[in-house]
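What follows is a set of notes on a single structure, which appears directly below.
Count residues from 1 along the sequence.
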Amino acid sequence: MRKLTVVTIGFAAGLALAPAAAANTGDGWVAQSSGPYAVPAPLQQSSSCDSNYSGACVPIASDVDCAGGSGNGPAYVSGPVTVVGDDIYGLDRDGNGVACE
């Protein structure tokens, strides 16, 4: 029979993971001016992506369809894509909040 060892790692009170002097490196990580820690930073979508969706860049176009589907574009997106606002392109056919699944 194998013995399972559980290790719990905690942080000391007052330890900051992302100090005010942190800088976004552009690759989803925050580089800090001091300390050994790096924390993920939210990736920002470009202004050419529709803010009603997250998880993939849904282009701003006259019509967007799911790649590989029966839609006729002119723009396409590969999913899954989370609907965070109005589903203006009708990509979430079953209404569960996830489009192009």
Side-chain angles (χ1 to χ4, degrees):
M1 183 172 192
R2 292 183 180 193
K3 181 178 177 182
L4 177 64
T5 303
V6 177
V7 178
T8 303
I9 299 173
F11 293 99
L15 179 63
L17 289 179
N24 191 331
T25 62
D27 60 0
W29 289 92
V30 174
Q32 299 182 26
S33 60
S34 64
Y37 303 101
V39 295
L43 295 175
Q44 295 179 345
Q45 291 185 340
S46 76
S47 61
S48 62
C49 301
D50 194 301
S51 62
N52 286 297
Y53 304 91
S54 72
C57 180
V58 176
I60 297 173
S62 60
D63 185 30
V64 178
D65 294 307
C66 296
S70 61
N72 60 354
Y76 298 91
V77 63
S78 294
V81 178
T82 303
V83 179
V84 294
D86 295 325
D87 184 17
I88 61 173
Y89 299 117
L91 300 174
D92 180 17
R93 298 286 181 189
D94 62 5
N96 70 349
V98 181
C100 300
E101 44 191 337

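Among pairs with a residue in residues 73-93, those fulfilling side chain to side chain donor-acceptor pair (under 3.5 Å) read Y53-D87, at least two apart in sequence or across chains. Evaluation of the disulfide bond (SG atoms under 2.5 Å apart) test over residues 70-101, restricted to residues two or more places apart or in two chains, returns C66-C100.
Remark: of the listed residues V81, N52, I88, V83, V81 is the sole one forming a side-chain contact (heavy atoms from CB on, under 4.5 Å) with V58.
Put simply, the side chain of D50 never gets that close to the backbone of I60: no donor and acceptor are under 3.5 Å apart.
For the pair P59 and V77, the tightest heavy-atom approach, listed with the atom from each and the gap, is CD-CB, 4.5 Å. Between D63 and G73 the shortest heavy-atom distance is OD2-O, 3.1 Å.
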